[in-house]
Amino acid sequence: MDANGALLRWYRPRRAAYPWRTGAPDPYRTLVSEVMLQQTQAPRVAAALGPFLARFPSIAALAAAPRSDVVRAWGALGYNRRAARLHEAARVTVRYHAGRLPPDPAQLQVLPGVGPYTASAVASIAFGVPVAAVDTNVRRVAARFLFGANPEGVDRTQLREAIDRWLHRREPGTWNQAVMDLGRLVCRPAPRCDVCPLAAGCRFRASSRPRPRARSQPAFRGSWRELRGAIVRLLRSRPSATLSSLAGRTGRALHDVAAAVRALDRDGLVRAGPAALAGRPSGRLRLADEPRSGIVPTGTS
DNA sequence: TTCCCGTTGG
DNA sequence: CCAACTGGAA
């Protein structure tokens, strides 16, 4: 059963579907796209990546830019802290890795905003390092195909080891992207086994287990997240704003706006003056131009 | 309304 | 372990 052969054949025509897969893999482009893809659907990233890379063509250019430019270029991708962390990751790379992203996943994972998934994705896609980039799509595909169960029903370590064995060691980057595509498009929570290239050897097919999945999530309307997002959005199109104007435009209480502003300041997205931090209506803030505190080295080069 | 589903921090 | 983080698509 050459499952990987069927998988790669299925993937080949799909490869050109997204801009971050075209041409030779570039570590910087891979990092930017993978960070953008954290929690954000591929079609939206596809639209945002080009303009971002045009504005910041290299990791050095990104590192040299003011943070406010980076947050503006981030656009409406959401989770603006990712933009701040990516900016910081670029600065760390310039400072401690001479502007070159390291191929070693363990070193990549030290960068702000780069966790186990993103480190493996960059290492495998940009450098050909044989590591599996395990996101929930990959987990779902592997649990079903190899164990005939949904991922909740499989021991984490066993699943991890099985994925490592399954990984195509000659083409880890292509394999990772193929499995992720398969999980997103075919082996979805409600699987479409009729069009799946792995159906032949799959242990899950026909077992048709109903999936439990509940995972309720907090309401977005009226949340802090919504307020934080609205404040950053308003600041993107103006140099500065007062607490009271923000309260007026968002329709939220002044002390709520002040609390959100303090959190944004802590995250390095916004720079608030003392009056704004104190919650005064006339207090002013703007998008941050610099990280809130300097780079804190945690490793050596 | 619900779903999306990685990283960080508590 | 769990909650916070955003905004759009299904």
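By convention in this document, chain letters (A, B, ...) are assigned in the order of the sequence lines, proteins followed by strands, and residues within each chain are numbered from 1.
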Is it the case that over 12 heavy atoms from other parts of the model lie below 6.0 angstrom from the [atom1] atom of [X]?
{"X": "R280(A)", "atom1": "CZ", "answer": "no"}
{"X": "R14(A)", "atom1": "CZ", "answer": "yes"}
{"X": "R169(A)", "atom1": "CZ", "answer": "no"}

Starting the side chain at C-beta, find the nucleotide from [options] nearest to [X].
{"X": "P189(A)", "options": "dG8(C), dC5(C), dC4(B)", "answer": "dC4(B)"}
{"X": "Q38(A)", "options": "dG8(C), dT6(C), dG6(B)", "answer": "dG6(B)"}
{"X": "P116(A)", "options": "dG6(B), dG7(C), dT7(B)", "answer": "dT7(B)"}
{"X": "R225(A)", "options": "dG6(B), dT7(B), dA4(C)", "answer": "dA4(C)"}
{"X": "Q39(A)", "options": "dG7(C), dT7(B), dC5(B)", "answer": "dC5(B)"}
{"X": "N137(A)", "options": "dC5(B), dG8(C), dC5(C)", "answer": "dC5(B)"}
{"X": "R139(A)", "options": "dG6(B), dG8(C), dT8(B)", "answer": "dG6(B)"}
{"X": "F220(A)", "options": "dC5(C), dG7(C), dT7(B)", "answer": "dG7(C)"}
{"X": "T136(A)", "options": "dC5(C), dG6(B), dC4(B)", "answer": "dG6(B)"}
{"X": "N80(A)", "options": "dC4(B), dT6(C), dC5(B)", "answer": "dT6(C)"}

What orientation do F145(A) and W166(A) show, parallel under 30°, tilted 30 to 60°, or perpendicular over 60°?
-> parallel
Using a 4.0 Å heavy-atom cut-off, does [X] contact any base of the nucleic acid, only the sugar-phosphate backbone, or nothing at all?
{"X": "D267(A)", "answer": "nothing"}
{"X": "Y79(A)", "answer": "base"}
{"X": "V114(A)", "answer": "sugar-phosphate"}
{"X": "P112(A)", "answer": "sugar-phosphate"}
{"X": "T118(A)", "answer": "sugar-phosphate"}
{"X": "R82(A)", "answer": "nothing"}

Give a yes/no on whether any side-chain N or O of R81(A) is located under 4.0 angstrom from OP1 or OP2 of dT7(B).
-> no
Pick the [atom1] atom in [N] and in [M], then give their distance to the nearest Å.
{"N": "dT8(B)", "M": "dG8(C)", "atom1": "C1'", "answer": "23 Å"}
{"N": "dA9(C)", "M": "dT7(B)", "atom1": "C1'", "answer": "23 Å"}
{"N": "dG9(B)", "M": "dG7(C)", "atom1": "C1'", "answer": "23 Å"}
{"N": "dA10(C)", "M": "dC5(B)", "atom1": "C1'", "answer": "16 Å"}

How many whole angstroms separate atom [atom1] of [X] from atom [atom2] of [N]?
{"X": "W224(A)", "N": "dA3(C)", "atom1": "CH2", "atom2": "C1'", "result": "15 Å"}
{"X": "L234(A)", "N": "dT6(C)", "atom1": "CG", "atom2": "P", "result": "14 Å"}
{"X": "L31(A)", "N": "dG6(B)", "atom1": "CG", "atom2": "P", "result": "16 Å"}
{"X": "L227(A)", "N": "dA4(C)", "atom1": "CG", "atom2": "C1'", "result": "14 Å"}
{"X": "R266(A)", "N": "dT8(B)", "atom1": "CZ", "atom2": "P", "result": "18 Å"}
{"X": "L111(A)", "N": "dT8(B)", "atom1": "CG", "atom2": "P", "result": "10 Å"}
{"X": "L269(A)", "N": "dC5(C)", "atom1": "CG", "atom2": "P", "result": "11 Å"}
{"X": "L37(A)", "N": "dC5(C)", "atom1": "CG", "atom2": "P", "result": "22 Å"}

Can you tell if the side chain of F127(A) reaches within under 4.5 Å of the side chain of T30(A), non-hydrogen atoms only?
-> no
Check for a donor-acceptor pair, side chain of R238(A) on one end and backbone N or O of L234(A) on the other, with a separation under 3.5 Å.
-> yes
Along DNA chain B (nearest heavy atom to each residue), the more 5'-positioned of Y117(A) and Q41(A) = Q41(A)
Roughly how far apart are L7(A) CG and C196(A) SG, rounded to 0.5 Å?
-> 8.5 Å
